[in-house]
There are 2 protein chains.
Amino acid sequence: MAGRPRDPDLEQRLLATAWSLLTSNGYDALTLTQVAAQAGAHRTDVYRRWRSKVRLVADVLDTYLPPVPDPDTGTLHGDLRAFAQDLAGAWNEPWNDGLVGFLADLRGDGEAGRTFRALVSRRSQPLVDAIARAVRRGEIAEVPELPFVGNLLEGPLMHRRMFGGGPLTPEELDVVTWSVHRLLTGTSVKP
Amino acid sequence: MAGRPRDPDLEQRLLATAWSLLTSNGYDALTLTQVAAQAGAHRTDVYRRWRSKVRLVADVLDTYLPPVPDPDTGTLHGDLRAFAQDLAGAWNEPWNDGLVGFLADLRGDGEAGRTFRALVSRRSQPLVDAIARAVRRGEIAEVPELPFVGNLLEGPLMHRRMFGGGPLTPEELDVVTWSVHRLLTGTSVKP
DNA sequence: CCAATTCGCAACAAGTTGTAGCGATACCGT
DNA sequence: ACGGTATCGCTACAACTTGTTGCGAATTGG
């Protein structure tokens with residue numbers, strides 16, 4: 001009733017290899033042939049565990065993406081700036097803007113999409129917490145647009161990286177930080 | 001000294017067909033075989049004119065992307081809101097968020113990248129003009145972060161479309177509009 | 001010892017981008 | 001009129017992808 005057990009290491013090795021190749025070559029250049037070969041396995045071993053490349057990568061990100069630090073600097077502005085810094089570090093990595101290809105593939109796979117969206121949501125928790133702290137300190141009022149703040153902070157940085165020239169600059173981080181800070185400290189969204 | 005002339009229609013037909021397929025199926029599903037077939041030509045005809053798929057699409061966008069309207073509503077906020085509305089319309093088109101694949105391919109082709117960046121820069125002109133008008137009206141001071149404002153406005157909408165669920169809502173447009181407006185009307189970026 | 005399941009491996013299917021080659025066709029300058 | 005020249009229509013090929021199928025060998029539980 002139970003056959004040969006699945007090599008427990010193999011799954012880990014495949015994930016680790018995929019993460020390594022992903023971060024060095026980007027998503028589009030990542031091939032399952034490469035992953036399997038470098039993990040000392042066969043492409044079939046990959047397909048026995050993940051239905052497609054996009055699902056493998058979704059799991060890789062879920063496993064290896066470093067967690068978002070929760071800065072807790074004491075001020076809302078300090079926290080926001082820290083988040084911006086962290087995001088900029090990520091988007092300045094060349095492989096990361098190669099993730100656009102992953103996002104494209106994601107649209108064709110509902111399950112992988114759900115996995116990834118859960119990941120994104122989990123990773124925005126520190127920002128939500130930071131804002132909650134600021135509310136508790138009385139620094140700002142309740143924030144009705146809370147679910148959109150993450151987009152407001154990361155969006156400009158991502159956009160600038162995709163369409164613009166070189167790496168993100170400290171000045172740009174300042175601008176985006178102040179833009180969000182101003183929105184949150186305003187008395188209300190509409191004057 | 002001059003051979004058979006190039007069919008002047010063919011180039012147009014290929015561009016038009018590519019635009020049609022791009023807007024209905026998205027970038028990733030666009031194949032040059034399809035383009036050629038539907039334009040009544042052969043794949044070789046495409047390669048005789050464009051070195052690669054990404055360059056064809058860069059030219060297609062350059063040719064067919066509708067221009068950004070210049071609203072001139074009389075107030076900075078009105079203009080910003082109009083831009084946000086326009087951008088949301090574009091990003092709510094399903095094919096448009098398929099453009100992430102195009103952006104990915106763009107990284108591997110310097111020439112196409114330049115073409116596209118010139119396009120983006122041209123399309124941000126109305127926003128620059130709107131801000132200049134606001135400065136002339138005395139509504140706001142000079143804007144040092146001018147080249148980043150476009151990212152600030154479009155970034156959150158694009159990010160939200162890529163990572164979030166359904167289409168962009170009017171409330172989100174309000175938030176992003178006010179966020180930029182607040183930044184621009186502030187006395188200075190750093191308090 | 002037997003059934004079940006994975007593993008290692010080879011081969012295949014279908015699709016993509018991009019290249020090569022060739023006769024036929026149409027144009028330009030002389 | 002004619003020769004050079006470049007495009008056109010077409011076929012074929014190369015190299016690569018993702019994803020599937022099949023089968024003997026290995027390894028475990030019952």
Side-chain angles (χ1 to χ4, degrees), chain A residues 1-15 17-18 21-22 25-60 98 100-113, chain B residues 1-15 17-18 21-22 25-60 98 100-113:
Chain A
M1 181 152 169
R4 176 174 178 170
R6 207 171 251 200
D7 183 346
D9 266 24
L10 193 46
E11 183 152 343
Q12 300 308 317
R13 255 167 34 226
L14 289 170
L15 282 170
T17 305
L21 289 171
L22 181 65
N25 303 339
Y27 177 79
D28 294 313
L30 179 91
T31 70
L32 300 187
T33 309
Q34 235 183 344
V35 172
Q38 200 161 323
H42 289 263
R43 224 169 53 263
T44 38
D45 292 321
V46 180
Y47 282 107
R48 271 192 270 262
R49 290 170 173 75
W50 293 277
R51 201 163 307 183
S52 63
K53 171 177 170 179
V54 61
R55 291 209 188 178
L56 165 63
V57 173
D59 272 10
V60 166
V100 289
F102 169 67
L103 294 176
D105 283 359
L106 217 49
R107 303 185 324 146
D109 187 319
E111 172 116 3
Chain B
M1 183 150 166
R4 176 172 177 170
R6 209 169 246 200
D7 184 347
D9 266 24
L10 193 46
E11 183 152 342
Q12 300 308 317
R13 255 167 34 225
L14 289 170
L15 282 170
T17 305
L21 289 171
L22 180 66
N25 303 339
Y27 177 80
D28 295 314
L30 179 90
T31 71
L32 301 187
T33 309
Q34 234 184 345
V35 172
Q38 200 161 323
H42 288 263
R43 221 168 59 264
T44 38
D45 293 322
V46 179
Y47 281 107
R48 271 193 269 263
R49 290 170 174 75
W50 293 277
R51 201 164 296 165
S52 63
K53 171 177 170 178
V54 61
R55 291 208 189 178
L56 165 62
V57 173
D59 272 10
V60 166
V100 290
F102 169 67
L103 294 175
D105 284 358
L106 217 48
R107 302 186 325 145
D109 188 320
E111 171 116 2

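Hydrogens, waters and symmetry mates play no part in the numbers below; they use all other heavy atoms, side chains included. Because the structure is a prediction, the values reported are computed rather than measured. Chain identifiers are assigned alphabetically (A, B, ...) following the order of the sequence lines, protein sequences preceding nucleic acid strands; residue numbering begins at 1 within each chain.
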Next item on the list: For A:D59, check salt bridge (charged side-chain N to carboxylate O under 4.0 Å, His left out) against everything at least two apart and list the hits.
Entry: none
Notebook entry, point to check: Quick one: is D:dT18 close enough that its OP1 or OP2 comes under 4.0 Å of any side-chain N or O from A:R55?
Noted result: no
Margin query: To check you understand the geometry: which heavy-atom pair defines the closest contact between B:Y27 and B:F102, and what is its length?
Written below: CD2-N, 3.2 Å
Notebook entry, point to check: Taking atom C1' of C:dT19 as reference, at what distance in whole Å does atom CG of B:L32 sit?
Noted result: 13 Å
Next item on the list: Kindly compute the distance separating CG (B:L103) from CG (A:L103), expressed to the nearest 0.5 Å.
Entry: 10.5 Å
Notebook entry, point to check: Just how far, in rounded Å, is P of D:dT17 from OH of A:Y27?
Noted result: 14 Å
Check: Over how many whole Å does the gap from B:L14 atom CG to D:dT7 atom C1' extend?
Finding: 14 Å
Checklist line | Atom-to-atom span, CG of B:L30 to P of C:dG18 - whole angstrom | finding: 12 Å
Checklist line | From B:W50 atom CH2 to B:L14 atom CG, the distance as rounded to the nearest 0.5 Å | finding: 5.0 Å
Item checked: Residue mapping more 5' on DNA chain C - nearest nucleotide basis, B:K53 or A:P5 -> A:P5
Notebook entry, point to check: Just how far, in rounded Å, is P of C:dT16 from CG of B:N25?
Noted result: 12 Å
Next item on the list: Looking at every strand, decide which applies to B:L56 at a 4.0 Å heavy-atom threshold: base, sugar-phosphate, or nothing.
Entry: nothing
Margin query: Distance check needed: C:dT16 P versus A:D28 CG, whole Å only.
Written below: 17 Å
Next item on the list: Looking only at non-hydrogen atoms, find the nearest pair between B:D28 and A:A104 and report the distance.
Entry: OD2-CB, 3.3 Å
Next item on the list: Give the rounded distance in Å between these two atoms: CZ of B:R49 and C1' of D:dA6.
Entry: 12 Å
Item checked: Letter per nucleotide, 5' to 3', of nucleotides 8-15 of chain C [B base touched, S only sugar-phosphate touched, - untouched; heavy atoms, 4.0 Å] -> BBBB----
Checklist line | Any donor-acceptor pair under 3.5 Å from B:R13 side chain to B:A39 backbone | finding: yes
Margin query: Going by salt bridge (charged side-chain N to carboxylate O under 4.0 Å, His left out), name the pairs with one or both residues in residues 29-46 of chain B, residues two or more places apart or in two chains.
Written below: B:D45-B:R48
Notebook entry, point to check: Starting at CG of B:D105 and ending at P of C:dT17, how long is that distance when rounded to a whole Å?
Noted result: 10 Å
